[in-house]
There are 2 protein chains.
Amino acid sequence: MTDPAPLSPKAEQTRQAIVDAAMRLFRSGGYEKTTMRAIAGEAGVSLGNAYYYFASKEHLIQAYYDRMQESHTEAVAAVLAAEPSFAPRLRKVLLAWVDVAAPYHEFAGKFFKNAAEPTSPLSPFSPESKAAREAAIDLFRQTVDGSDVKVTKALRADLPELLWLLQMGVVLFWVYDASPDQARTRALIEKAVPLVDRLIRMTRLPVVRGVVDDLVELVHAVRS
Amino acid sequence: MTDPAPLSPKAEQTRQAIVDAAMRLFRSGGYEKTTMRAIAGEAGVSLGNAYYYFASKEHLIQAYYDRMQESHTEAVAAVLAAEPSFAPRLRKVLLAWVDVAAPYHEFAGKFFKNAAEPTSPLSPFSPESKAAREAAIDLFRQTVDGSDVKVTKALRADLPELLWLLQMGVVLFWVYDASPDQARTRALIEKAVPLVDRLIRMTRLPVVRGVVDDLVELVHAVRS
DNA sequence: CATGGGAGTTGAACGTGTTCAAGATAGTGG
DNA sequence: CCACTATCTTGAACACGTTCAACTCCCATG
């Protein structure tokens with residue numbers, strides 16, 4: 001996921017050394033102010049060697065990204081095992097992401113910059129990250145499935161993807177959130193979850209059915 | 001809007017010459033491949049002089065955005081004068097943006113990539129683009145105000161901003177849309193507008209009121 | 001043990017965004 | 001007409017991401 005990774009034997013250690021050095025320096029001095037020369041130096045390799053393992057400075061960030069995904073999946077498993085009710089599940093899943101992502105908030109901009117470039121394989125919409133994307137959506141499928149919520153037939157198949165889109169929205173907000181401890185993002189989640197819960201329960205009302213159908217149709221039409 | 005612009009007299013022409021040169025070169029060669037040296041050369045000024053007028057290469061893009069915004073405002077004025085009904089108004093306003101933006105689509109990704117970074121002055125959420133953002137929101141205020149749509153009191157003040165967010169979503173989709181003539185974005189608009197229209201009209205239903213209040217509260221809580 | 005080739009490693013060199021100290025220019029007051 | 005200042009202009013210099021041709025090292029094969 002991090003790279004084409006044609007599988008390296010022992011010198012995978014070198015790779016890790018570079019990632020570790022980069023993380024240390026990024027963390028202490030910020031991304032922009034950390035030079036590739038400094039990273040290479042800190043890792044005890046030459047500048048060129050760093051580029052043997054990582055195509056660019058931005059690619060080093062991908063390592064961060066991967067760790068975040070992993071940690072979140074883990075955290076979600078714990079949440080889902082313990083909580084049966086839908087709204088709290090969703091709330092905890094989203095908050096868990098904020099917790100997991102917190103240490104990397106400083107680099108959020110860099111992540112997002114990658115996400116924004118449509119041609120980049122790092123984009124969450126790219127074919128290359130299809131697996132990761134579907135894994136993420138699956139997290140929300142689990143969130144829905146194991147819960148007490150009743151979802152109308154029309155919505156059942158697409159709700160996980162819609163929730164994933166919700167999370168993309170939260171991420172977007174989070175990226176721009178400069179408040180301490182990302183308090184505003186947490187506030188957003190606290191407000192949004194009950195709203196979403198309410199909306200989902202409301203889809204069973206006859207008046208709302210038509211809108212739900214339209215929405216589902218829109219999602220289908222728009223999915224390439 | 002483009003800059004602090006302490007108002008220059010005649011040599012404002014130089015500024016324009018630089019913008020024009022940049023636009024020409026960005027258009028023909030893309031953003032990344034266009035160097036500041038080339039822009040300065042094309043504009044007939046020195047490298048340093050270009051930096052006297054524009055703090056960075058990114059700041060040049062702002063001028064680009066400003067023009068798009070201008071064209072859109074113009075197009076919208078024509079639409080709003082001719083069309084009294086809400087849904088068609090919204091549809092035409094959104095489609096007008098797609099039309100106006102079409103010439104820039106091929107390198108929109110590059111621009112977007114730069115704009116996406118929160119620290120970038122190009123970000124639609126940045127303080128630097130506050131004026132542009134408010135102008136854009138105002139376009140939607142006009143779209144609502146002059147139309148036949150009845151908006152509940154709770155929603156009235158915030159609907160324009162919500163519609164602007166909708167447009168941000170459309171823009172995001174558009175950036176990734178590789179279909180010829182951005183057909184898929186247009187299709188998205190065709191589907192989304194009736195849905196939005198329906199949702200807005202639905203807000204008058206008593207059952208839905210609570211949700212609307214929650215949504216408005218969420219928007220308020222979240223606005224810095 | 002020799003050897004051929006791939007994997008890993010190196011630092012000099014390059015291109016580009018940006019800065020800056022110095023100079024030119026033009027408008028203003030005497 | 002002469003300073004004097006604020007505005008404008010310049011290109012060399014700098015820092016940093018990235019590239020690359022050359023080199024070393026390891027080890028599988030004969």
Side-chain angles (χ1 to χ4, degrees), chain A residues 2-23 25-26 28-63 107 109-110 113-114 117 120-122, chain B residues 2-19 21-22 25-26 28-64 107 110-111 113-115 117 119-122 128:
Chain A
T2 298
D3 250 5
L7 271 302
S8 338
K10 289 291 176 57
E12 162 79 21
Q13 286 187 334
T14 306
R15 200 196 147 82
Q16 268 308 314
I18 295 169
V19 172
D20 290 343
M23 287 199 174
L25 293 176
F26 284 166
S28 76
Y31 177 81
E32 317 267 45
K33 285 195 221 138
T34 302
T35 72
M36 286 299 281
R37 283 164 182 81
I39 293 170
E42 175 92 359
V45 302
S46 73
L47 178 60
N49 198 217
Y51 277 96
Y52 179 79
Y53 288 101
F54 296 92
S56 76
K57 192 179 174 186
E58 286 197 346
H59 275 75
L60 275 167
I61 287 176
Q62 182 71 10
F107 315 111
K110 307 303 168 198
K113 207 172 166 179
N114 286 328
E117 169 82 73
S120 166
L122 276 55
Chain B
T2 298
D3 248 5
L7 272 304
S8 340
K10 288 289 179 54
E12 161 78 21
Q13 286 186 338
T14 306
R15 203 196 144 81
Q16 268 310 312
I18 295 169
V19 172
L25 292 176
F26 285 166
S28 75
Y31 177 78
E32 322 263 43
K33 285 198 219 132
T34 302
T35 73
M36 285 299 280
R37 284 162 181 80
I39 293 170
E42 175 91 359
V45 302
S46 73
L47 178 59
N49 198 215
Y51 276 94
Y52 179 78
Y53 288 101
F54 296 92
S56 75
K57 192 180 174 186
E58 283 197 349
H59 277 75
L60 274 166
I61 295 177
Q62 184 70 27
Y64 224 94
F107 44 101
K110 294 289 188 291
F111 285 174
K113 175 176 175 173
N114 286 69
E117 194 164 0
T119 59
S120 163
L122 285 181
E128 285 91 336

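Letters A, B, ... are given to chains in the order of the sequence lines, protein chains preceding strands, and every chain is numbered from 1. Just so it is clear, the structure is predicted and the values come from calculations on it, not from any experiment.
- Here C:dG8 is the nucleotide among D:dT9, C:dG8, D:dG17 with the atom lying nearest to any side-chain atom of A:Tyr53.
- Listed for the B:Thr34 side chain is a donor-acceptor partner under 3.5 Å among the backbone atoms of B:Leu25.
- Between B:Asn49 atom CG and C:dT25 atom C1' there is a gap of 12 Å when expressed in whole angstrom units.
- The CD atom of A:Glu12 sits 15 Å away from the P atom of C:dA7 (whole-angstrom rounding).
- As a whole-Å value, the separation of B:Leu47 CG from C:dG17 P is 9 Å.
- Each of B:Ser46 and A:Ser56 was assigned the nucleotide of DNA chain D with the nearest heavy atom; the assignment lying further toward the 5' end belongs to B:Ser46.
- Atom pair A:Glu58:CD and D:dC16:C1' shows a separation of 14 Å (rounding to whole Å applied).
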side-chain contact (heavy atoms from CB on, under 4.5 Å) assessment of A:Val19 paired with A:Tyr53:
CA-CA 10 Å; A:Val19 172; A:Tyr53 288 101; over 6 Å; no

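- C:dG17 atom C1' lies 12 Å from atom CD of A:Glu32, rounded to whole Å.
- Atom CE of A:Met23 sits about 7.0 Å away from atom CG of A:Asp20, to the nearest 0.5 Å.
- Between B:Tyr52 and A:Tyr31, the one whose closest nucleotide on DNA chain D sits nearer the 5' end is B:Tyr52.
- Under the 6.0 Å distance and 45° angle rule, A:Lys57 counts as a cation-pi partner of A:Tyr31.
- In this structure, A:Phe54 places its CZ atom 13 Å from P of C:dG8, rounding to the nearest Å.
- Picking from C:dG17, D:dT9, D:dG17 the nucleotide with the shortest atom distance to the side chain of B:Met36 gives C:dG17.
- Across the protein-nucleic acid pair, A:Ile18 atom CD1 and C:dT9 atom C1' stand 11 Å apart, rounded to whole Å.
- If you measure from atom CD1 of A:Ile39 to atom C1' of D:dC16, you get 12 Å, rounded to the nearest angstrom.
- Comparing D:dT18, C:dT16, D:dT10 by their nearest atom to the side chain of A:Lys57 picks out D:dT18.
- For the OP1/OP2 pair of D:dT10 and a distance below 4.0 Å, the side-chain nitrogens and oxygens of B:Tyr51 include no atom meeting the criterion.
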Could you go through the side-chain contact (heavy atoms from CB on, under 4.5 Å) check for B:Tyr52 and B:Val45 one step at a time?
CA-CA 11 Å; B:Tyr52 179 78; B:Val45 302; over 6 Å; no

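- In the set C:dT9, D:dG17, C:dT18, C:dT18 carries the atom at the smallest distance from any side-chain atom of B:Arg37.
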